[in-house]
Amino acid sequence: MIRLFNTLGRHIQDFEPMDPNRVKLYTCGPTVYDFAQIGNLRAFVFNDTLRRTLESAGYRVRHVMNITDVGHLSSDADSGEDKLEKGAKREGKTVWDVADFYIRAFEKDTTALNILPPNGYHGKAEPYARATDFINEQQDIIGLLLDKGFAYITEQAIYFETAKMSDYGKLTGQKSSDKEVAARPEVVVDNNKKSPQDFALWFFTVGRFASHSMHWTSPWGEGFPGWHLECSAIIHSTLKEPIDIHTGGVDHIGTHHTNEIAQTEAAFGTKLANFWVHNEHLLVQDEKMSKSKGNFFTLEDVIKRGFEPLALRLLFLQSHYRKQTNFRWESLSAASSFLKNLQAWADLKFQDTLHKNGSDVNYGVVLEKIKECLFDDLNTPETLAVLSQFIQKTEKNRVAKDNFQTFLEHLDELFGLDLSKRADVGSEIKSLINQRQIARQNENWSASDALRNSLLHKGVEINDTEQGQIWRRV
RNA sequence: GGCGCGUUGGCCGAGGAGUUAGGCACAGGUCUGCAAAACCUUUUACACGAGUGCGAAUCUCGUACGCGCCUCCA
């Protein structure tokens, strides 16, 4: 039984999908106006772990993720541009080019981190659902909401009337009357709104949005969709509400997800999602890492500093998804060493000398333990502790090759660390290793040391053990 | 103002009333032709104050500090 912390109700609950074999999973994807920063990537590693955990429990997971390629306003109060417009201006491209470019960049980053692509919907060029490919569906929802009296039209926009939903805001637990109006200074107030919490479903290309370059015709006038509608529309036309699990960052709880719930439940009269699972943020110097603060690092920065992308993945797995984590290069470096040690352990599969007494090791028990930890609200740090303890305990009596490789494959299914996919050293290295073995047998220490040095220069460290030489890449 | 999450050793981080987290780093030792690896050992912990318990890092209350959200965000 998988247990997950459900933001709706704020406690850990047993997870059971509506269909006992299938899970409908939806993830709020990125806004593609810039490179993903590693805090964003932490969110997607968390989603990936959730997906892998569900699959390991035997569920067939249908996973859909959107891409926001329109309509989120920037924080520049005077410019009135959205983030894509801003990115386009900065780079001298069209908004469409900007979106394309950063979608490709996002795919590259997530591939490098072994994040499985969503499998529940495939757009024209990527496995994500672009908001701009669902304009009609978004308009359909607006039509429904107008018909049912949940929306009203002003000169600037069509708004959702939050007062019409008796349980509006149930995800936050905060009373509407307690909310601070325009908590951020850059929030633009439209005096034609009935309530400050009413949110836009459709903006007309008038006033500050007159020159907005992404716009579509609609029965109510030329314009573009509001900030929250895309997810409701995409879920409706792909997975169909109600879904089992909806994920996203904690920053979405109060506004984006609250409004998604309101729209969907008002338009279709159906619950949107049974479970809401939110990840906490990555911090830098005790502040949230974010694009708008400019205090962020990208995967490119990580690679430039000489780290493997998977070291970052391992770092994320070492902390719990619901806890803020302070990013430090020092801790990435620690994770990188940890990964290298795991890789060296995995590389033992190419080295017969240590494989003896294999039948003593019960990989199944370890895997079950690891799964138990994952099923307990994705306790990835605990899984790694279990694995580390296991490795230490079995150091002296490693196992028969075939079982070992299968075990590594199972670990990769859960962790995505590519431990089962490692290549053997080349014939040149092997030859040097053999020569050194002969030199040692002949007690020719100077030749032996020279060969060890030579191998080290080629990136292979040799250690002498009771069972003979073992190598590891450095 | 409201809502939410935190404060664990040199760094990162689990756990969560009595018994080892784990990773990385550091020191000493064993082993070794020399190294290294491995193994063993040791040292630095649970923000502060009060309360409830036989017993509290773990529960309760309070205080301090930090982070996030309240129409940009993962």
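Below, read A as the first sequence line, B as the second, and so on, with proteins coming before strands; counting in each chain starts at 1.
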* Asked: Looking at Trp202(A), Phe203(A), Phe204(A), which hits ring pair (Phe, Tyr, Trp, His ring centres under 6.0 Å) with Phe209(A)?
  ->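 Looking at Trp202(A), Phe203(A), Phe204(A), the match for Phe209(A) under the ring pair (Phe, Tyr, Trp, His ring centres under 6.0 Å) is Phe203(A).
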* Ring stacking, Phe338(A) with base of G23(B), under 5.5 Å and under 30°? ->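 Not stacked: fails the 5.5 Å / 30° test.
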So, for [X] and [Y], is the gap between ring centers shorter than 6.0 Å?
X	Y	value
Phe160(A)	Tyr152(A)	no
Trp276(A)	Phe5(A)	no
His228(A)	Phe199(A)	yes
His215(A)	Phe224(A)	no
Phe390(A)	Phe407(A)	yes
His252(A)	His278(A)	no

* Asked: Starting at the 5' end of RNA chain B, which residue's closest nucleotide do you reach first, Pro196(A) or Gly248(A)?
  ->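 By nearest-heavy-atom nucleotide position, the 5'-most residue is Pro196(A).
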* Asked: From the list G22(B), C73(B), A36(B), which nucleotide is the closest neighbour of the side chain of Lys288(A)?
  ->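 The answer is C73(B), which lies nearest to the side chain.
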In this structure, how many angstroms lie between the [atom2] atom of [N] and the [atom1] atom of [X], rounded?
X	N	atom1	atom2	answer
Leu456(A)	A36(B)	CG	P	13 Å
Phe316(A)	G23(B)	CZ	C1'	16 Å
Asp48(A)	A74(B)	CG	P	17 Å
Arg473(A)	A37(B)	CZ	P	19 Å
Lys293(A)	A74(B)	NZ	P	14 Å
Asp464(A)	A38(B)	CG	C1'	12 Å
Phe415(A)	G23(B)	CZ	P	14 Å
Asp449(A)	U32(B)	CG	P	17 Å

* **Lys/Arg-Asp/Glu bridge criterion (N-O < 4.0 Å) met for Arg422(A), Asp418(A)** =>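 No, this pair does not count.
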* Asked: Is any side-chain N of the basic residue among Glu126(A) and Arg104(A) closer than 4.0 Å to the acidic one's carboxylate O?
  ->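 Judged by the 4.0 Å cut-off on N to carboxylate O distance, Glu126(A) and Arg104(A) do form a salt bridge.
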Report which part of the nucleic acid [X] touches: base, sugar-phosphate, or nothing (heavy-atom distance under 4.0 Å, all strands).
X	answer
Gln197(A)	nothing
Gly39(A)	base
Ala344(A)	nothing
Leu387(A)	nothing
Gly29(A)	sugar-phosphate
Leu314(A)	nothing

Rounded distance in Å between the [atom1] positions of [N] and [M]:
N	M	atom1	answer
C73(B)	G13(B)	P	26 Å
A21(B)	C46(B)	P	13 Å
U44(B)	A25(B)	C1'	13 Å
A74(B)	C5(B)	P	22 Å
U19(B)	G55(B)	P	15 Å
G6(B)	A47(B)	P	13 Å
A14(B)	C70(B)	C1'	32 Å
G9(B)	G23(B)	C1'	14 Å

* Please examine the side chains of Arg42(A) and Leu312(A), heavy atoms only from C-beta on, and report whether any two atoms are closer than 4.5 Å. =>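 The answer is no, as the side chains (C-beta and beyond) never meet within the 4.5 Å cut-off.
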* Do any of residues 433-444 of chain A sit with a heavy atom less than 4.0 Å from RNA chain B, and if so which? ->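 Arg436(A), Arg440(A), in order of number.
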* **Residues, nucleotides or ligands: over 12 heavy atoms within 6.0 Å of Lys369(A) NZ** =>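 No, NZ of Lys369(A) has 12 or fewer neighbouring heavy atoms, counting only those of other groups under 6.0 Å.
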Tell which nucleotide pairs with [N], taking only Watson-Crick or G-U wobble pairs whose two distances are both under 3.5 angstrom.
N	value
C73(B)	none
C3(B)	G68(B)
G9(B)	none
C39(B)	G29(B)
G18(B)	C54(B)
G49(B)	C61(B)

* Hey, does the side-chain of Asn341(A) have a donor or acceptor N/O within less than 3.5 Å of a partner on the base of G23(B)? ->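 Not at all, since no donor on one side and acceptor on the other fall under 3.5 Å apart.
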* **N/O donor-acceptor pair, side chain Arg472(A) with base A37(B), under 3.5 angstrom** =>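 Such a pair does not exist between side chain and base.
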* To do: Ignoring backbone atoms, test whether Ser337(A) places a side-chain nitrogen or oxygen under 4.0 Å from the OP1 or OP2 oxygen of G23(B).
  =>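 Result: no.
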* To do: Please determine if a side-chain N or O atom of Asn463(A) lies less than 4.0 Å away from the OP1 or OP2 oxygen of A36(B).
  =>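 Answer no for this pair, as no side-chain N or O of Asn463(A) is under 4.0 Å from OP1 or OP2.
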* Determine yes or no for a side-chain-to-main-chain donor-acceptor pair under 3.5 angstrom, with Asn259(A) supplying the side chain and His256(A) the backbone. =>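 Not at all, since once roles are kept as given, no pair shorter than 3.5 Å links the two residues.
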* Asked: For G10(B), does the O4'-C1'-N9-C4 (purine) or O4'-C1'-N1-C2 (pyrimidine) torsion place it in syn, i.e. within 90° of 0, or in anti?
  ->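 In terms of base orientation relative to the sugar, G10(B) is anti.
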* To do: Starting at the 5' end of nucleotides 1-17 of chain B, put B wherever the base has a protein heavy atom under 4.0 Å, S where only the sugar-phosphate does, and a dash everywhere else.
  => BBSS--S---SSSSS--
* To do: Mind checking side-chain hydrogen bond (donor to acceptor under 3.5 Å, both in side chains) for Arg472(A) and listing every partner two or more places apart, or none if nothing turns up?
  =>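 Checked Arg472(A) against side-chain hydrogen bond (donor to acceptor under 3.5 Å, both in side chains); matches are Asn341(A).
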